[in-house]
2 protein chains.
Amino acid sequence: MQNPKIKEIEHLFMEFMPLYHKKLSPIFRENDDDEFRCHKNQKRAIMIIHRTKGIILSELGRYLDMRKGSLTSLIDALVENGLVERREDVHDRRKTLLYLTEAGEEYYRQMMARTSKTYQKLFSKLSEEEIEECLHGLQHVVAALKKI
Amino acid sequence: MQNPKIKEIEHLFMEFMPLYHKKLSPIFRENDDDEFRCHKNQKRAIMIIHRTKGIILSELGRYLDMRKGSLTSLIDALVENGLVERREDVHDRRKTLLYLTEAGEEYYRQMMARTSKTYQKLFSKLSEEEIEECLHGLQHVVAALKKI
DNA sequence: TTTAAATAGTTAGAATTCAGACAGTTTGAG
DNA sequence: CTCAAACTGTCTGAATTCTAACTATTTAAA
């Protein structure tokens, strides 16, 4: 009934997540020269809205692992700061589509420039072969998560 | 100056995290037959304390991506419920070591039984080969995160 | 030895996120 | 068509987390 390989995957995720938080999450905390003083979850939201333009609030909540009620105020603040805009969905009047404004896209670019620097610095500790393995490993994991 | 492979890794992590939250994080929200009504972060803390017995508050905060100030009250609640205990570090009087009590270990086992079920169900959608690739992929990613 | 810097944990008040209820809209079965 | 179920976003008061300051302890350099 139990697939031992899946059990191993489960264990690896349990090991992976704390490591991710320790090594990579702090990147979103950095607040130097952040004129808008966005906090961690606002930055994560901006990342996702950039990638999936026109996303609705509920789906954004699933990607962030946050409740939609929390996102109303989070997005309100980003709209007030002029980084995000809401548009009505013509085909489904329940929905509100989220987009980055031009200022939001500019903020995204600056944020990415900083995170890229940190990634480069961190992963340069690995050999070229280890980088390769991590890269292909991630590709397989992402492919798996997309299917389940 | 920039390693393009590392840039790809960065992109994959940006793609990976939302997927993880959407597909796997909800497991920690399930609160059926949870006599202690632990919320998501309390469960995550219990997972980590089980794996790294004797961990200190600050390190736990790094693994959870939470501030130590938040953890004081989070752990207080778990101690009051009899799931966690604090012990003094004999060699460093600043430190407090965290352990699961016997009740905490039992709670951990019950929680794991439920999460395992969900993992089995989700990943059974994949072929045996895809499971294998995800497993080895994760191993490489974890190895990389440990080194950086 | 002395002292400055780093680290551990707590606290208080502010900010964020939560749960649960609500109204409006869409979907789909009968 | 009709109506129940599902889904979207908002609201409110409660709970959780955060920021920043503080004390105590350890480390390491002078």
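Quick note on labels: first sequence line is chain A, next is B, and so on, each numbered from 1.
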Carboxylate-amine/guanidinium contact Lys22(B) Asp65(A), below 4.0 Å: no
Pairing of Glu132(B) and Lys5(A) as salt bridge, 4.0 angstrom limit: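 Counted as a salt bridge, because a side-chain N and a carboxylate O are separated by less than 4.0 Å.
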Side-chain atoms of residues 140-148 of chain A: list all donor-acceptor pairs with protein atoms under 3.5 Å, sequence neighbours left out, distances to 0.1 Å.
| residue | atom | partner | partner atom | Å |
| --- | --- | --- | --- | --- |
| His140(A) | ND1 | His136(A) | O | 3.4 |
| Lys146(A) | NZ | Glu15(B) | OE2 | 2.8 |
| Lys147(A) | NZ | Glu130(B) | OE2 | 2.5 |

Single-linkage hydrophobic cluster Phe28(A)~Met66(B), side-chain heavy atoms < 4.5 angstrom: yes
Helical bend (five base pairs per end, nearest 10°) for the helix from dT1(C)-dA30(D) to dG30(C)-dC1(D): 50°
Counterpart residues, side-chain hydrogen bond (donor to acceptor under 3.5 Å, both in side chains), relative to Lys117(B) (two or more places apart):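 Once residues adjacent in sequence are excluded, Lys117(B) has no partner under the side-chain hydrogen bond (donor to acceptor under 3.5 Å, both in side chains) criterion.
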Set of residues satisfying side-chain hydrogen bond (donor to acceptor under 3.5 Å, both in side chains) with respect to Glu102(A), sequence neighbours excluded: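 Glu102(A): side-chain hydrogen bond (donor to acceptor under 3.5 Å, both in side chains) contacts with Arg109(A).
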Selection: [range], any non-hydrogen atom under 4.0 Å of DNA chain D:
range	value
residues 16-26 of chain A	none
residues 47-58 of chain A	Ile56(A), Leu57(A), Ser58(A)
residues 81-99 of chain A	Arg86(A), Arg94(A), Lys95(A), Thr96(A)

Any donor-acceptor N or O pair under 3.5 Å, side chains Thr96(A), Glu88(A):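 Result is no, nothing qualifies.
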Distance-only polar pair, side chains of Tyr107(B) and Asn81(B), donor-acceptor under 3.5 Å: no
Euclidean distance, Ile75(A) CD1 relative to Gln42(A) CD, rounded to 0.5 Å: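 Spacing of CD (Gln42(A)) from CD1 (Ile75(A)) equals 8.5 Å.
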Test item: Ser73(B) side-chain N/O and Ser70(B) main-chain N/O as donor-acceptor pair under 3.5 Å: yes
Donor-acceptor contact below 3.5 Å, side chain Thr118(A) vs main chain Ile27(A):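 The answer is no, because no donor-acceptor pair under 3.5 Å joins these two groups.
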Sequence neighbours excluded, every pair satisfying salt bridge (Lys or Arg N to Asp or Glu O under 4.0 Å) that has a member inside residues 68-79 of chain B: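 Residue pairs passing salt bridge (Lys or Arg N to Asp or Glu O under 4.0 Å), neighbours aside: Asp76(B)-Arg86(B).
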Selection residues 89-99 of chain B - residue pairs positive for salt bridge (Lys or Arg N to Asp or Glu O under 4.0 Å), sequence neighbours left out: Asp92(B)-Arg94(B), Asp92(B)-Lys95(B)
Nucleotide interval of DNA chain C bounded by contacts with chain A (heavy-atom cut-off, under 4.0 Å): dT16(C) to dT26(C)
Cation-pi geometry met for Arg87(B) and Tyr99(B) (6.0 Å, 45°): yes
Touch class at under 4.0 angstrom, heavy-atom based, for Arg44(A) against every strand present: nothing
Got a list of side-chain donor-acceptor pairs under 3.5 Å for residues 46-58 of chain B, not counting sequence neighbours?
| residue | atom | partner | partner atom | Å |
| --- | --- | --- | --- | --- |
| His50(B) | ND1 | Glu105(B) | OE1 | 2.9 |
| Thr52(B) | OG1 | Ile48(B) | O | 2.9 |
| Lys53(B) | NZ | His50(B) | O | 3.0 |
| Lys53(B) | NZ | Glu105(B) | OE2 | 3.3 |

Nearest-nucleotide 5' precedence on DNA chain C, Asp76(B) against Arg62(B): Arg62(B)
Pairs under 3.5 angstrom, nitrogen or oxygen only, protein versus nucleotides 15-18 of chain D, please.
| residue | atom | partner | partner atom | Å |
| --- | --- | --- | --- | --- |
| dT17(D) | OP1 | Asn41(B) | ND2 | 2.5 |
| dC18(D) | OP1 | Arg29(A) | NH2 | 3.4 |
| dC18(D) | OP2 | Arg67(B) | N | 3.1 |
| dC18(D) | OP2 | Ser70(B) | OG | 2.5 |

Within the 6.0 Å centroid threshold, strictly below: Tyr20(A) and Tyr20(B):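 Here the rings of Tyr20(B) and Tyr20(A) have centres that are no less than 6.0 Å from each other.
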Rounded distance (Å) that lies between atom P of dT10(D) and atom CG of Leu60(A):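 Value for this atom pair: 12 Å.
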From CA spacing to verdict: side chain to side chain contact (heavy atoms under 4.5 Å, CB included), Arg62(B), His21(A): CA-CA 7 Å; Arg62(B) 286 175 210 118; His21(A) 283 310; over 6 Å; no
Geometric class of the Phe13(A)/Tyr119(B) ring pair [parallel <30°, tilted 30-60°, perpendicular >60°]: tilted
